[in-house]
Amino acid sequence: TDSLRAAANPWWFALALVAFILLPIGAILMYRIYRGARRELERTSRALSESENVFRQIAESSHAGMWRMNRDGMTLFANRKLCELLEVDGLEELRQRHYSEFFSPAMLEKVHREMAKRRHGVASTYEVEVIGAKGTRRTIMISGAPVKGPTGVDDTLVATVIDTTALHRTEAALRESNERLEAAVAVAELAIFDWDAHTNTTTWTSERAEFFGLPASTLCGPPQEALPRVHPDDRTQFIRRWEHAVETGDPYFDEYRVVTDEGDAHWISVEGRLFLDADGKAMRMLGVARDVTGIKRQESRLRAARNVLEQTFASLRDAVLIVQRGTMAIESSNDAASTVLGLSPGSIAGRNLGTLYPDAETWAARRREIEQGLAESGQYVREDAIRHANGSTFPCEITITLLESTSKEEGRLVVVMRDITVRRASESTLRESEMRYRQAFENLTDGIVIHRDGRFLFANQAIVRLVGAR
């Protein structure tokens with residue numbers, strides 16, 4: 001009866017009706033919410049999957065090794081480059097190995113120190129030597145940081161690994177090359193400078209930064225720095241050549257004298273190469289400077305010796321010819337050659353030596369004898385007939401010597417010709433005089449004997465008859 005009354009109550013009826021209507025609607029809403037959440041989860045899952053695929057593609061194509069390991073030092077992920085560096089066949093093999101297997105004890109100690117930093121949330125970068133599974137040693141640079149898990153505690157360690165072996169080899173080669181350059185510069189006693197056109201300052205990059213006890217910067221470089229030390233007679237040329245190089249970009253070269261505090265003059269040689277900017281204006285100059293005082297003094301002595309030689313050469317009474325060995329063409333001659341041969345100085349140069357002999361047949365024979373003599377002793381000596389410009393021949397003593405013992409084509413000969421006409425006449429006169437004396441001795445009735453140390457050198461017929469000798 002009570003229940004019937006309650007059912008007959010309009011409020012309970014209204015509540016039941018609302019519940020009947022709202023429950024299906026709530027169920028529908030809950031289903032839609034569920035479907036939306038599921039679709040969002042699927043989208044998130046696909047996005048994560050795509051992101052992971054992108055990461056893996058990037059990791060596999062990277063030139064740097066990527067290494068992720070757990071707190072126990074076991075590998076969770078490694079890309080192909082890292083496997084190559086560690087000389088393992090792939091990720092599965094690497095997962096079976098502890099990271100410590102790839103480091104020596106000394107290197108492992110360094111790795112442990114760096115990993116301890118990461119566990120305290122500190123990222124680090126360092127270099128160590130790694131030993132591959134096949135024993136190959138490489139220098140690698142490791143850059144890593146800790147990765148926190150869901151609870152905020154360091155869960156794994158992630159690092160990128162770069163092979164720096166080739167870089168270190170290149171650096172070592174550069175250091176060795178630089179050391180060789182510095183040694184060469186030191187031996188050659190050079191000073192290297194770098195001039196900055198924008199600041200108009202010079203930097204000296206070699207150990208040798210002075211000459212004669214003076215800073216190199218006061219002897220070479222821009223005129224405003226070096227001009228006070230330049231010899232007064234060389235200053236105009238010094239300024240002109242520097243400005244010409246800077247304005248035109250041509251290579252810079254100059255040799256000039258500098259004066260020390262004691263008043264001594266020394267020679268400096270400077271060479272530089274100018275570098276231009278995009279507008280063609282001077283940007284910088286790299287150059288070298290060296291002390292050439294000794295060379296200049298030697299050149300002066302050589303010039304003096306050459307002058308003496310040329311004067312001696314010109315004053316000789318014998319004809320002297322410089323001849324190309326290969327072609328036998330006369331290059332030059334002294335003044336006496338014109339007198340001896342009867343030719344003008346201009347007509348001797350370029351003439352073939354063979355034209356001075358009476359005929360081609362004689363020259364062909366003499367040419368063979370000359371080559372034979374030079375090959376055997378480096379000299380050829382003979383008395384021969386030489387043709388004068390007037391067509392006559394005269395006796396001549398010829399001496400031919402190798403001037404340069406290089407190749408047959410490049411060598412030169414010194415040909416000395418001495419006119420022995422007078423000597424031949426004197427020898428003929430002496431022979432005639434000797435014959436007359438011999439005839440006179442033979443016709444004497446008195447015996448004549450010439451002896452030395454008891455041995456007869458000469459006896460006339462009177463002695464022969466006297467002693468009964470034959």
Side-chain angles (χ1 to χ4, degrees), residues 40-179:
E40 185 65 26
L41 180 63
E42 289 175 353
R43 283 197 298 269
T44 303
S45 178
R46 284 197 300 270
L48 287 173
S49 178
E50 291 175 1
S51 177
E52 182 179 359
N53 289 334
V54 171
F55 169 77
R56 286 185 177 276
Q57 290 176 4
I58 293 174
E60 292 300 330
S61 61
S62 175
H63 294 289
M66 295 188 179
W67 200 352
R68 183 182 179 189
M69 65 181 72
N70 60 22
R71 295 178 64 85
D72 296 329
M74 300 304 293
T75 300
L76 300 176
F77 171 78
N79 66 347
R80 183 169 53 251
K81 183 62 177 180
L82 182 68
C83 293
E84 292 175 0
L85 290 175
L86 300 181
E87 298 179 328
V88 296
D89 293 334
L91 178 58
E92 292 304 320
E93 180 182 348
L94 189 56
R95 282 175 172 169
Q96 305 303 317
R97 294 172 174 266
H98 194 266
Y99 80 92
S100 60
E101 297 180 28
F102 300 99
F103 300 96
S104 66
M107 292 295 104
L108 193 59
E109 183 178 349
K110 185 174 183 179
V111 172
H112 287 163
R113 286 198 304 268
E114 297 298 328
M115 291 181 72
K117 294 179 183 178
R118 296 183 191 179
R119 290 191 177 96
H120 287 83
V122 178
S124 64
T125 299
Y126 59 98
E127 273 192 337
V128 290
E129 184 184 68
V130 67
I131 305 173
K134 297 179 181 179
T136 304
R137 293 176 178 267
R138 291 184 175 91
T139 303
I140 60 173
M141 179 180 290
I142 301 177
S143 299
V147 178
K148 296 184 181 295
T151 62
V153 179
D154 293 345
D155 186 32
T156 61
L157 299 174
V158 176
T160 58
V161 180
I162 299 175
D163 185 359
T164 58
T165 306
L167 176 63
H168 282 282
R169 288 174 181 168
T170 302
E171 289 176 348
L174 287 174
R175 282 195 299 271
E176 184 179 354
S177 177
N178 189 55
E179 289 172 358

Between the side chain of [X] and the main-chain N/O of [Y], is any donor-acceptor distance below 3.5 Å?
| X | Y | answer |
| --- | --- | --- |
| Arg95 | Leu76 | yes |
| Asn79 | Ala64 | yes |
| Glu101 | Arg97 | no |
| Asp163 | Ala166 | no |
| Thr164 | Thr139 | yes |

- May I ask you to decide if the ring planes of Trp67 and Phe103 are parallel, tilted or perpendicular, using 30° and 60° as cut-offs?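 Correct class here is parallel.
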Pairwise distance [atom1]([X]) to [atom2]([Y]) - rounded to 0.5 angstrom:
| X | Y | atom1 | atom2 | value |
| --- | --- | --- | --- | --- |
| Leu82 | Leu86 | CG | CG | 4.5 Å |
| Ser143 | Glu114 | OG | CD | 10.0 Å |
| Cys83 | Leu94 | SG | CG | 5.5 Å |

- Tell me, yes or no, whether the heavy-atom count around Glu109 atom CD, taken from other residues, nucleotides or ligands under 6.0 Å, exceeds 12.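 No, because the 6.0 Å sphere around CD of Glu109 holds 12 heavy atoms or fewer from other groups.
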Identify every side-chain donor-acceptor pair in residues 131-138 under 3.5 Å, counting partners at least two apart or on other chains, and give the distances.
residue : atom : partner : partner atom : Å
Thr136  : OG1  : Glu87   : OE2          : 2.5
Arg137  : NH1  : Glu129  : OE1          : 2.7
Arg138  : NH1  : Leu85   : O            : 3.1

- Hey, mind stepping through Thr125 and Ile142 against side chain to side chain contact (heavy atoms under 4.5 Å, CB included) and telling me if it holds? CA-CA 6 Å; Thr125 299; Ile142 301 177; over 6 Å; no
